[in-house]
2 protein chains.
Amino acid sequence: MTAVTHSSIREDIRKRIVAGEWGLGEQMPGEIDLASEYGCSRTTMNRALRALADEGMIERKRKGGTRVRPLPLPKAQLRIPIIREQVEARGLDYSSKVIHRKRLSAKSQTHIPPGTDCIYLESLHMAGSEPFAYEKRWVNLAAVSEFEHVDLSEISANEWLVRTVPFSRGNVALAASNADAAVAEMLNVPCGNAVFTMQRNTWLESAAITAATLFFPPEYRLEFEI
Amino acid sequence: MTAVTHSSIREDIRKRIVAGEWGLGEQMPGEIDLASEYGCSRTTMNRALRALADEGMIERKRKGGTRVRPLPLPKAQLRIPIIREQVEARGLDYSSKVIHRKRLSAKSQTHIPPGTDCIYLESLHMAGSEPFAYEKRWVNLAAVSEFEHVDLSEISANEWLVRTVPFSRGNVALAASNADAAVAEMLNVPCGNAVFTMQRNTWLESAAITAATLFFPPEYRLEFEI
DNA sequence: GAGTGGTCTAGACCACGGT
DNA sequence: CCGTGGTCTAGACCACTCA
């Protein structure tokens, strides 16, 4: 006898969908019917079906009932890794060095309003004695003025920001680009070689906090489940 | 007066966390206290807090209570776009052509067991008259034998597979690589140029279905929110 | 042992959206 | 109109884990 828990019910219904018990786009039984079939309350069945809807397997509409999604949404949970953790997960020592540090007005290529007082940083993240990633970053001093006095030999800019402004929101763009001379030298790859790049803009509420671009050597792969 | 719904409560508590009402790693009030503070039932408060825990903002443990996560997990919902949709979203006509099609035994670089009878395909996805992506794909005939007879001038391999085996799971790896001569010619970029690559392996239950590698021109960016 | 979250229940009312 | 999912409630028992 299967335990009547929302998770076991959810997995059982998932199997029935995968097995094709209800065709694509076809209406499946409602909460009340399924609840009585499984011998659980409607609340529990609701939770199981809600979870399947959240992951894009089914679609639910008031009055329209519950349907198997015709083309499932290929959604994935991607966890943006913290660089230190990635390095340490490979059993290597993490360190970072600041290569350039300047005080500049924001340029227009970032989401920080042009002219805003910023710190511009270039730093190299190391895994053992090998370069792991090169970073170019703008930090908005109007939003985090304390950043001006942070000792970046003690803590990386990224970690300081995460601890100071932990719950910011942002966007990410992934791309491939050809290494320019500076990036190529830092990552120890031939000039023009393909490098994986990740651009991140973050906000706290409506204030632009930081814009960072990370360059990874060609071996780097960002992996996740779907 | 704020309505007492799980979502409004969740957003209010999110604001209080962002405002720093409870320090990082510090224990916050339990469900019962918060429920009485908001004048809702414990069930409702549980749902609000569970949602915040799911998105990585708080950590919950039996007996240990609820705590603000010390370093928030940067998680993102990444929707893997269907190529046709990406092209059409840019207002361009989508088409695809098969460049090579062979029947081969699987090689060991994919997740399909070596020696399995496969179709190997190379195809070009077009946006208007421009190349949009080049695809190399293995399809396991032992898992989807009908694929042998599909007319790929009518429907792309990807779309046929999604409709036929809709609920497969898989993994994805993103990287930057240097275009080899064939890919460079197809994408109309200089040989050796950086191309964005996406490798996908998919399974239905435990059966390997298909392994695909997509190559995108250097302008391509994969964007998402965090 | 005891406190906290995890979960289930039975019942209720509401909101959306096809008919 | 009225069926369906969306949500809330009050109460209960359980399971984990810290002290």
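To find a chain, count down the sequence lines: A is the first, B the second, and so on, and within it residues start at 1. Note that this is a predicted model, so its numbers are computed, not measured.
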* For every nucleotide of nucleotides 10-19 of chain C, 5' to 3': is a protein heavy atom under 4.0 Å from its base (B), only from its sugar-phosphate (S), or from neither (-)? -> BBB--BBBB-

Considering only distance and modelled atom types, tabulate donor-acceptor pairs under 3.5 Å from the side chains of residues 45-54 of chain A, sequence neighbours left out.
unit_1	atom_1	unit_2	atom_2	d
A/Asn46	OD1	A/Arg50	NE	3.0
A/Asn46	ND2	A/Glu31	OE2	2.6

* Are B/Ile209 and B/Asn140 side-chain neighbours, meaning at least one heavy-atom pair lies under 4.5 Å? -> no

* Can you check whether A/Pro81 reaches A/Leu222 side chain to side chain, under 4.5 Å on heavy atoms? -> yes

* **Heavy-atom check, side chain of A/Pro70 versus side chain of A/Glu59, under 4.5 Å** => yes

* Under-4.0 Å side-chain N/O to phosphate OP1/OP2 contact, B/Thr5 with D/dG6 -> no

* With sequence neighbours excluded, what pairs up with B/Glu26 under the side-chain hydrogen bond (donor to acceptor under 3.5 Å, both in side chains) test? -> none

* Asked: Do the side chains of A/Arg69 and A/Ile58 get nearer than 4.5 Å, heavy atoms only?
  -> no

* D/dG3 P sits how many Å from A/Leu34 CG, rounded? -> 18 Å

* To do: Assess the side chains of A/Arg137 and A/Ser123: does a donor N or O sit below 3.5 Å from an acceptor N or O?
  => no

* **Contacting residues from residues 46-60 of chain B, given that a heavy atom lies under 4.0 angstrom of DNA chain D** => B/Arg47

* Is any side-chain heavy atom of B/Leu121 closer than 4.5 Å to a side-chain heavy atom of B/Phe147? -> yes

* Those residues that, when tested against B/Glu130, pass salt bridge (Lys or Arg N to Asp or Glu O under 4.0 Å) (two or more places apart) -> none

* Test item: B/Arg67 side-chain N/O and B/Gly25 main-chain N/O as donor-acceptor pair under 3.5 Å -> yes

* Whole-Å distance separating the CE atom of A/Met45 from the C1' atom of C/dT9 -> 14 Å

* To do: Check each residue of residues 24-33 of chain B for a non-hydrogen atom within less than 4.0 Å of any atom in DNA chain C, then write out the ones that pass by number, or none.
  => B/Gly30, B/Glu31

* Asked: Phosphate oxygens OP1/OP2 of C/dT4: is one of them under 4.0 Å from a side-chain N or O of B/Thr66?
  -> no

